[in-house]
Protein chains: 2
Amino acid sequence: MKGYLTYLILWNLSQTRMNGAQITREFEKRRGTKPSPGTIYPALKELKTKGLITVDDKKTYSLTIDGENELKSACKLFCKIFYDAKEMSEFCK
Amino acid sequence: MKGYLTYLILWNLSQTRMNGAQITREFEKRRGTKPSPGTIYPALKELKTKGLITVDDKKTYSLTIDGENELKSACKLFCKIFYDAKEMSEFCK
DNA sequence: TGATGAATATTGGGTAACCGATAAATATAA
DNA sequence: TTATATTTATCGGTTACCCAATATTCATCA
């Protein structure tokens, strides 16, 4: 499975402000493996240039309004695609 | 979001046996857009060569035992990565 | 039977997503 | 300060993922 990284960065930042290292740890928890810095920082950079996130002087990232809207529609699509996620979690027990 | 296609093919086939056209329609329901034949059939072919699915003479695809096991671990990973999917569905309401 | 549409399949890319290696900046401690 | 660890960042490259276009097979019906 690829492609969920950007989405999950936005999602994580919607829950709480984080720096790059924290985001990395968050992914390590979720996936089991730690994403490479070559994965996380270019992704953050692109989200920043798109105006979906901002950084403060402490290198802490947070969602912008646009980012929140973007996340909301990505979230809707996610839930539509995986509408039966609950049954999936039953299946793999 | 990319990368979920193979996973969802396996998932769909675990629910019921299907031919290519039915799988295509299933994706159209989930994503809103219909995947191209150049997407769906190469994916099926690869899953077949990996021994995860089989085809009968009516071109109906179904999971093999290996496919079911593969799906199960993919499913586990999915649920781990998106453990808070429920909160996501709340968020985008 | 021939014709028309649907389903199946192949081919040849394009590109987004991600990684490894490396380097630079920043913090922490001795 | 020096040294050590952590965090941030860049670069080049690879590959997984998916598509558009086209071809072929199959089904249905006039």
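The shown structure was predicted, so the numbers you read here are calculated from the model rather than taken from an experiment.
Rounded to an integer number of Å, the gap from OH of A:Tyr4 to P of C:dC18 is 7 Å. In this entry the distance linking CD1 of A:Ile81 with C1' of D:dC18 reads 13 Å, nearest Å. Computed from coordinates, the A:Leu10 CG to C:dA17 P distance equals 12 Å when rounded to whole Å. Atom CD1 in A:Ile9 sits about 13 Å away from atom P in D:dT8, given to the nearest Å. Atoms CG (B:Leu44) and P (C:dA9) sit 8 Å apart, rounded to a whole Å. With rounding to whole Å, A:Glu26 atom CD is found 17 Å from D:dT7 atom C1'. One can place CD of A:Glu28 at 11 Å from P of D:dT7, the figure rounded to the nearest angstrom.
With distances taken from any side-chain atom of B:Arg25 to the nucleotides C:dA7, D:dC18, C:dT10, the minimum falls on C:dA7. Considering only the side chain of B:Tyr41, C:dT8 comes nearest among D:dT8, D:dC11, C:dT8.
Each of B:Phe91, B:Phe82, B:Tyr4 was checked for a ring pair (Phe, Tyr, Trp, His ring centres under 6.0 Å) with A:Phe78, and the lone residue meeting it is B:Phe82.
Salt bridge status for B:Arg30 with B:Glu26: present, with a side-chain N to carboxylate O gap under 4.0 Å. Ion pairing of A:Glu46 with A:Lys50 is present here, as a side-chain N (NZ or NE/NH1/NH2) and a carboxylate O approach within less than 4.0 Å. Salt bridge status for B:Arg17 with B:Asp56: present, with a side-chain N to carboxylate O gap under 4.0 Å. Using a cutoff of 4.0 Å between basic side-chain nitrogens and carboxylate oxygens, B:Glu28 and B:Arg31 are not scored as salt-bridged.
For the residue pair B:Cys92 and A:Cys79, the shortest heavy atom distance occurs at SG-SG, 3.9 Å.
Atom OH of B:Tyr41 sits about 11.5 Å away from atom NZ of B:Lys48, to the nearest 0.5 Å. Atoms SG and CD, from B:Cys75 and B:Glu70 in turn, are 11.0 Å apart once rounded to the nearest 0.5 Å.
Contacts between residues 30-40 of chain A and DNA chain D, defined by a heavy-atom separation under 4.0 Å, are made by A:Pro37, A:Gly38. At a non-hydrogen distance threshold of 4.0 Å, A:Lys45, A:Lys59, A:Tyr61 from residues 45-63 of chain A come into contact with DNA chain D. Near DNA chain C, meaning a heavy atom under 4.0 Å away, there are no residues from residues 14-23 of chain A.
The shortest distance between side-chain heavy atoms of A:Ile53 and A:Ser62 does not fall below 4.5 Å. At a threshold of 4.5 Å between non-hydrogen side-chain atoms, the residues A:Leu13 and A:Leu71 do not count as touching. Considering only heavy atoms from C-beta on, B:Leu5 comes within 4.5 Å of B:Phe27 through its side chain.
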